[in-house]
Amino acid sequence: MQSELGRIGLLGGTGMLGSAIATGLIESGFAAPGDLAICSRSGRAEALACYPGLRIMTETARFCDSCDTVLLCLPPAATAGLRLPLENRLVLSVMAGVTLDGLSRISGSARLVRAMSSPAAARRLAYTPWVASPGTTEADRRGTAQLFSAIGATDRLEDEGLLDHFTAMTGPVPGFVAFFADAMIRHAEAQGVPPQVADRAIRQLFFAAGQMMAEDATPPGGHVTQMIDYAGTTAAGLQAMQDGPIREAVSEGLAAAAARARGIA
Ligand SMILES: NC(=O)C1=CN([C@@H]2O[C@H](COP(=O)(O)OP(=O)(O)OC[C@H]3O[C@@H](n4cnc5c(N)ncnc54)[C@H](O)[C@@H]3O)[C@@H](O)[C@H]2O)C=CC1
Ligand SMILES: O=C(O)[C@@H]1CCC=N1
């Protein structure tokens, strides 16, 4: 499947996100371990040790020379002053806050894709939106869509600025959803529910809700309306929340994360 992209390498591929993406690509069958190269300063890739045949390289120049497509999974701070010999190569990035202009300075390539993914890629459950530079070919964009489809859901965007918002919303997993689950666990405990029961109950709630929302055609807002129209116990809670500041608080938090993404690199 990965023939459109040729030999694929992950720079920073031993980190949390890079190793999750490599795992998802292998587990989905998109790439065999031998088709992937990982550049690791330590030469070790413990998170990927279960995949014999994965090429672990330590010299960045040799790594770049051996790849047709490189996925950059470095910390944003590691890109300061970074220059990579990747002219004329397809360069993909999942790095927060590193813009297409920044990727051009780093790589010297005109074939650039800026994306945002998440560690859910290891389970092939990531959401990966991406934007492509004008210098990409149709084959580049087709291969990019195939690669990101192998690790979850994906959309090609036209507005690069939206990626900072997705860095906030869908980059961290469980991320903000863990915050909401923790708020419910704390509420349950405050009502006298034993902590381990509260933990199990709310984990099961979010597990069930996630699966049901993924499979059900009704959008989340539609479920809220249905429960309010049902006029039962849940309606009372939802109406109290709708009358309160919770939506604004959620939006303010996500906006703060997006603002941090814009300035992080
Ligand atoms: N961890 C997450 O949940 C998410 C991370 N991201 C983005 O993914 C990128 C990587 O983040 P993480 O995987 O969390 O970081 P990490 O710190 O877990 O992994 C970074 C990897 O890059 C390697 N590295 C650092 N500098 C290097 C260099 N100069 N040459 C070669 N390798 C180098 C490190 O050894 C490490 O293996 C960041 O830009 C982050 O914003 C995006 C969405 C979610
Ligand atoms: O929190 C972070 O900086 C990284 C980027 C998006 C999710 N995790």
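The structure presented is a predicted model; accordingly, all values stated were derived computationally and were not measured. Whatever order the structure lists them in is the order used to number ligands and atoms, beginning at 1.
- Side-chain N or O atoms of Gln211 include none that pairs as donor or acceptor with a backbone N or O of Phe207 at under 3.5 Å.
- Using a 4.0 Å cut-off to heavy atoms of Leu11, the atoms of ligand 1 that qualify are 31 (C).
- Salt bridge Arg114/Asp164: present, at least one basic N to carboxylate O contact under 4.0 Å.
- Considering backbone and side-chain atoms together, Gly15 places an N or O closer than 3.5 Å to an N or O of ligand 1.
- Polar contact check, Met116 against ligand 1: no nitrogen or oxygen pair lies under 3.5 Å apart.
- No close placement of the Phe180 and Phe206 rings is indicated, their centers lying 6.0 Å or farther apart.
- Checked against a 3.5 angstrom limit, the closest N/O atoms of Leu74 and ligand 1 fall inside it.
- Judged purely by atom type and a 3.5 angstrom limit, Ser107 has no side-chain atom pairing as donor or acceptor with the backbone of Leu84.
- The pair Glu189-Arg186 does not count as a salt bridge, with every side-chain nitrogen at least 4.0 angstrom from each carboxylate oxygen.
- Using a 4.0 Å heavy-atom cutoff, Gly13 is absent from the residues neighbouring ligand 1.
- Considering only non-hydrogen protein atoms, atom 18 (O) of ligand 1 sits nearest to Met16 N, 2.9 Å.
- Distances below 4.0 Å separate heavy atoms of Gly171 from the following atoms of ligand 1: 43 (C), 44 (C).
- Remark: the Asp101 side chain and the Thr99 side chain contain no N/O donor-acceptor pair separated by less than 3.5 Å.
- Here the protein heavy atom with the shortest distance to atom 13 (O) of ligand 1 is Leu17 N, 2.8 Å.
- Ranking protein heavy atoms by distance to atom 20 (C) of ligand 1, first place goes to Pro75 CD, 3.7 Å.
- Among protein heavy atoms, atom 40 (C) of ligand 1 sits closest to Ala96 N, 4.2 Å.
- Evaluated for a side-chain contact (heavy atoms from CB on, under 4.5 Å) with Cys73, the options Thr14, Ile38, Leu10 yield exactly one hit, Leu10.
- Under the 4.5 Å side-chain heavy-atom criterion for ILVMFWY residues, no single connected hydrophobic cluster contains both Val197 and Ile202.
- At distances below 3.5 Å, at least one donor-acceptor pair connects side-chain atoms of Thr225 with backbone N or O atoms of Gly221.
- If you check which protein heavy atom lies closest to atom 22 (O) of ligand 1, you get Gly12 CA, 3.4 Å.
- A side-chain N or O of Thr154 and one of Trp130 form a donor-acceptor pair less than 3.5 Å apart.
- Listed for the Thr58 side chain is no donor-acceptor partner under 3.5 Å among the backbone atoms of Gly43.
- Regarding atom 34 (C) of ligand 1, its nearest protein heavy-atom neighbour is Arg41 NH2, 3.8 Å.
- For ligand 1, the atoms closer than 4.0 angstrom to any heavy atom of Met95 are 39 (O).
- Listed by atom number, the atoms of ligand 2 under 4.0 Å from Thr167 heavy atoms are 6 (C).
- For atom 10 (C) of ligand 1, the nearest non-hydrogen atom of the protein is Cys73 O, 3.2 Å.
- Here the side chains of Asp140 and Val113 are not in contact, with every heavy-atom distance at 4.5 Å or above.
- Closest to atom 3 (O) of ligand 2 among all protein heavy atoms lies Ile264 CD1, 4.6 Å.
- In the vicinity of Pro172, heavy-atom distances shorter than 4.0 Å reach the ligand 2 atoms 7 (C).
- Nearest protein neighbour of atom 7 (C) of ligand 1, counting heavy atoms only, is Val94 O, 3.4 Å.
- Remark: ligand 1 and Thr14 share an N or O pair separated by less than 3.5 Å (distance only, no angle test).
- Thr136 and Arg141 share a donor-acceptor pair across their side chains, judged by distance under 3.5 Å alone.
- By the definition of a contact as any protein heavy atom under 4.0 Å away, atom 7 (C) of ligand 2 is in contact.
- Within the listing of ligand 1, atoms 43 (C), 44 (C) sit less than 4.0 angstrom from a heavy atom of Ser117.
- Taking every heavy atom of both residues into account, Leu5 and Asp68 meet most closely at O-CB, 3.6 Å.
- Looking at ligand 1, you won't find any N or O of Gly18 less than 3.5 Å from one of its N or O atoms.
- For the pair Pro119 and ligand 1, the shortest N or O to N or O distance does not fall below 3.5 Å.
- The ligand atoms of ligand 1 that sit less than 4.0 angstrom from a heavy atom of Ala78 are 26 (N).
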